[in-house]
Number of protein chains: 2
Amino acid sequence: MFSKTCEYAIRAVIFIAQKTADGSRVGIKEVAAGIDSPEHFIAKILQDLSRKGIIQSQKGPTGGFYLDAQSRKYTLADVVHVVDGDQIFNGCGLGLKQCSETKPCPLHNEFKKIRDAISKMLRSTHLGEFSEQLEQKLVFLKR
Amino acid sequence: MFSKTCEYAIRAVIFIAQKTADGSRVGIKEVAAGIDSPEHFIAKILQDLSRKGIIQSQKGPTGGFYLDAQSRKYTLADVVHVVDGDQIFNGCGLGLKQCSETKPCPLHNEFKKIRDAISKMLRSTHLGEFSEQLEQKLVFLKR
DNA sequence: ATAATAAAAGATAAATTTGTCTTTTATTAG
DNA sequence: CTAATAAAAGACAAATTTATCTTTTATTAT
């Protein structure tokens with residue numbers, strides 16, 4: 001459904017949202033350990049998200065990743081869009097670039113329903129929601 | 001959503017269903033051209049499907065690929081399962097192997113709905129349906 | 001039987017994704 | 001101002017997916 005990179009990204013963003021709900025910051029090592037991902041690999045992904053403003057980062061001592069008020073308003077759709085592009089939102093399920101309403105592939109309408117359901121789900125899930133959840137759920141971002 | 005290999009597979013199976021509705025057979029070159037895929041690449045995929053009995057094949061002159069009555073009862077879910085395994089049907093949307101009802105990831109229930117919609121759509125689409133459709137739709141399996 | 005045909009199988013290569021290691025830059029505390 | 005810290009960036013490597021080319025096997029028609 002998503003690339004592995006995107007799976008890591010979503011897990012990391014949820015982790016950061018949960019860990020920094022109190023205004024603190026979380027280091028890349030802790031993120032990597034928390035979501036069971038390669039440290040430098042997730043680092044690059046977070047760099048992308050940070051550059052786009054989806055998350056915040058701060059260098060140096062006391063530095064780390066966090067979400068500001070603005071970022072908490074972003075949704076998982078924004079994360080997915082940065083990492084995987086819009087394939088999942090608009091792409092043809094059969095990989096046909098020219099598939100469209102007027103030139104639909106044989107499964108166009110069925111895929112449309114699925115895509116819309118995915119879009120709706122991602123767009124309605126705001127990063128801030130995860131800041132409000134219990135610590136306990138963290139464990140389920142690993143493995 | 002699906003691997004590129006799986007996209008080719010679905011397109012090829014639909015193509016074969018449409019082209020051989022009259023009991024004829026269709027060669028690999030025609031399939032490859034018809035769905036815009038690399039000839040030898042789709043050939044291997046069709047070999048897999050043929051070995052599993054999802055489609056039929058016949059060597060030699062007048063040979064080619066086709067669907068028998070039994071195969072027309074298979075669904076796209078069967079095709080996807082052979083090519084991509086059960087990840088799309090059962091896998092966690094965040095890539096967590098141990099994600100389950102009792103240890104759900106933060107998006108477990110939302111992903112479940114999506115997966116179920118995909119499963120339902122694929123399981124309800126029988127290969128025979130494509131044998132009954134108009135020639136005209138063929139063009140929309142390309143590009 | 002033989003030649004022609006077409007799928008099956010095998011080997012190899014290119015491209016992309018994923019993962020690792022090192023160096024650089026920015027920031028903070030002392 | 002300096003040293004320590006942590007993210008950013010760059011270079012490289014492994015693994016996987018996708019694509020290409022060649023040889024083999026089975027089948028048909030002559």
Side-chain angles (χ1 to χ4, degrees), chain A residues 1-13 15-16 19-20 24-67 82-85 87-88 94-95 97, chain B residues 1-13 15-16 19-20 24-67 82-85 87-88 94-95 97:
Chain A
M1 176 155 240
F2 305 123
S3 68
K4 204 165 181 183
T5 303
C6 192
E7 292 173 352
Y8 284 148
I10 297 173
R11 278 151 63 188
V13 166
F15 183 86
I16 294 168
K19 278 285 179 178
T20 67
S24 63
R25 292 164 187 172
V26 58
I28 192 66
K29 278 187 211 300
E30 191 178 346
V31 172
I35 69 168
D36 192 44
S37 76
E39 181 182 325
H40 292 97
F41 191 67
I42 188 63
K44 294 222 185 283
I45 302 168
L46 294 185
Q47 281 164 34
D48 282 351
L49 292 171
S50 175
R51 251 184 261 114
K52 296 272 165 57
I54 310 288
I55 65 174
Q56 277 65 51
S57 73
Q58 174 77 36
K59 285 183 176 181
T62 78
F65 298 91
Y66 62 102
L67 302 187
V82 165
V83 180
D84 275 359
Q87 178 63 26
I88 193 80
L94 299 186
K97 292 188 187 63
Chain B
M1 178 152 242
F2 305 123
S3 68
K4 201 164 181 183
T5 304
C6 193
E7 290 172 353
Y8 286 147
I10 296 172
R11 279 150 62 187
V13 166
F15 184 87
I16 294 168
K19 279 285 179 176
T20 67
S24 64
R25 292 163 187 174
V26 58
I28 192 65
K29 278 187 212 299
E30 191 178 346
V31 172
I35 68 168
D36 191 44
S37 75
E39 181 181 327
H40 292 96
F41 191 69
I42 189 63
K44 294 222 185 282
I45 302 168
L46 294 184
Q47 279 164 34
D48 282 352
L49 291 171
S50 175
R51 252 183 261 115
K52 295 272 165 58
I54 310 287
I55 67 174
Q56 278 64 53
S57 74
Q58 174 76 36
K59 286 182 175 181
T62 78
F65 297 91
Y66 62 102
L67 303 187
V82 165
V83 181
D84 275 358
Q87 180 62 25
I88 194 79
L94 299 185
K97 292 191 185 63

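Numbered from 1 within each chain, the chains take letters A, B, ... in sequence-line order.
OP1 and OP2 of C/dT18 both lie 4.0 Å or more from every side-chain N or O belonging to A/Tyr8. Taking 4.0 angstrom as the limit, B/Arg51 places none of its side-chain polar atoms (N or O) nearer than this to OP1 or OP2 of C/dA7. Side-chain N/O atoms of A/Gln58 include one lying less than 4.0 angstrom from OP1 or OP2 on C/dT28. Put simply, A/Thr5 has a side-chain N or O that comes within less than 4.0 Å of OP1 or OP2 on C/dT18. A sub-4.0 Å separation between OP1 or OP2 of D/dA8 and a side-chain N or O of A/Ser57 is present.
One N or O donor and one acceptor, one from the side chain of B/Lys44 and one from the base of C/dG10, sit under 3.5 Å apart. Contact of B/His40 with D/dT18 (side chain to base): no donor-acceptor pair of N or O atoms is detected under 3.5 Å. You won't find any donor-acceptor pair under 3.5 Å spanning the side chain of A/Lys4 and the base of C/dG19, going by distance alone.
Within the 4.5 Å cutoff, side-chain heavy atoms of A/Phe65 are placed close to those of A/Ile28. In this structure, the side chains of B/Lys19 and B/Val31 stay at 4.5 Å or more apart for every pair of heavy atoms.
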Going through the distances and angles, do B/Leu94 and A/Tyr8 end up as a side chain to side chain contact (heavy atoms under 4.5 Å, CB included)? CA-CA 7 Å; B/Leu94 299 185; A/Tyr8 284 148; over 6 Å; no
For B/His40 and B/Lys44, what are the C-alpha separation, side-chain angles and deciding distance, and is it a side chain to side chain contact (heavy atoms under 4.5 Å, CB included)? CA-CA 6 Å; B/His40 292 96; B/Lys44 294 222 185 282; 5.8 Å; no
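Rounded to whole Å, the distance from CD on A/Gln47 to C1' on C/dT24 is 12 Å. Residue A/Ile28 contributes atom CD1, which lies 13 Å from atom P of D/dA9 at whole-angstrom precision. A/Phe41 places its CZ atom 13 Å from the C1' atom of D/dA13, with the value rounded to the nearest Å. The separation between A/Leu46 atom CG and C/dG19 atom P is 14 Å, rounded to whole Å. The interatomic distance linking B/Tyr66 (OH) with C/dA7 (P) rounds to 12 Å, in whole Å. Between the CD1 atom of A/Ile45 and the C1' atom of D/dA8 there is a distance of 15 Å, rounded to whole Å. Here the C1' atom of nucleotide D/dA8 and the CG atom of A/Leu49 are 14 Å apart, to the nearest Å. Whole-Å rounding puts the B/Asp84 CG to D/dT17 P distance at 9 Å.
The side chain of A/Pro38 approaches C/dG19 more closely than any other nucleotide in the set C/dG19, D/dA29, C/dA7. Checking C/dT20, C/dA8, D/dT28 against every side-chain atom of B/Phe65, the shortest atom distance belongs to C/dA8.
Taking the nucleotide of DNA chain C with the nearest heavy atom to each of A/Lys59 and B/Pro61, the more 5' of the two is matched to B/Pro61.
Using a 4.0 Å heavy-atom criterion, one finds that A/Arg25 contacts no nucleic acid atom at all. Nucleic acid contact for A/Lys29: none, since no nucleic acid atom lies under 4.0 Å from a heavy atom of the residue.
Across B/Gln56 and B/Ser50, no two heavy atoms sit closer than the pair C-OG, 4.4 Å. Contact record, B/Ile88 with B/Phe2: CG1-CE2, 4.4 Å, taken as the closest heavy-atom pair.
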